[in-house]
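Residues take their numbers from the sequence shown, with the count starting at 1. Just follow the structure's listing: the first ligand is 1, and inside any ligand the first atom is 1.
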Amino acid sequence: MTEVRWGKLRRDEIGAAAAAGATLLLPTGAVEQHGPHLPLDTDIVDANAVAERAARLLTDPPALVLPPIWWGLSPYWLSFPGTLTLRPETMLALVSDIGASAAHHGFQRVAIVNGHGGNAGLVGVAATQLAEHGLRAVALSYWDLLGEDLGRIAPGDAGHIGHAGQTETSIQLYLQPERVREPLPGPEGCADLTARMAEPFARVGYAPPDPAREAPLGVYGAAAAARPEIGKELIALAAERLAEFIRRFVAAST
Ligand SMILES: [Zn+2]
């Protein structure tokens, strides 16, 4: 299997990838509480898995996966143990410094592959800053690639990424089942996304989570409905779509 992870390559391999016009994928996530049943690295494990699988599908030009930015913007989860949050300016500076280094080595394109909902606005700003280094940049959250298929494959979260609900729990049951604590939490103390998404304007705008009012257990979605097969299907589809997205991004920016 071709090695696509930046940190595992030797310097001549990086030089060859830059000369071949490789696209860089930069996973971003969060180190934050994910209910009583999932590990803190859930978001970064998900984004990294999608990015690595997509990179292996891309050959001409190839793609490399940069070392992920583990931490994100999660101040609303600090009320639970384990959450590590960045200031927005710290995250923007991290992405900008990594992008400037990549541009120095001759890379021309960076795609931020985000795995944490709270970062969504910030990674758009980060992409705008990357353009100042002469890079063609784009930012997306992996679940946006799934469109209506997200709600079809994981109906318990009503087409929303949720938080430690059916979608994320299914993906963890697939990617790192040894870190999932069973039994999975039931609806008590969790936000019911089926009801929330049925509200008018539910898909308009962004409001940060307010766990004390909305979900005392720190879970948004139907965790108990999670299955590893659902996670496997979501990751495979997101990787396939990301590869196609990158092919179009390359074509549009060449
Ligand atoms: Zn998450």
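- Because the distance cut-off is set at 2.8 Å, D46 fails to qualify as a neighbour of the Zn ion (ligand 1), as none of its N, O or S atoms comes that close.
- For the Zn ion (ligand 1), the set of nearby N, O or S atoms under 2.8 Å includes one belonging to D43.
- The CD atom of E32 sits 11.0 Å away from the CD1 atom of I44 when rounded to the nearest 0.5 Å.
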### Query
Going through the checks in order, is the ring-ring contact (aromatic ring centres under 6.0 Å, His included) test met by H34 and W77?
CA-CA 9 Å; H34 270 82; W77 292 131; 7.7 Å; no
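- Backbone or side-chain N, O or S atoms of H34 reach the Zn ion (ligand 1) at under 2.8 Å.
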### Message
Apply side-chain contact (heavy atoms from CB on, under 4.5 Å) to residues L140 and N114 and explain how you reach the verdict.
### Response
CA-CA 6 Å; L140 58 92; N114 178 47; over 6 Å; no
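- A salt bridge is absent between R11 and E13; no separation between the charged side-chain nitrogens and carboxylate oxygens falls under 4.0 Å.
- Residue E168 approaches the Zn ion (ligand 1) most closely through its N/O/S atom OE2.
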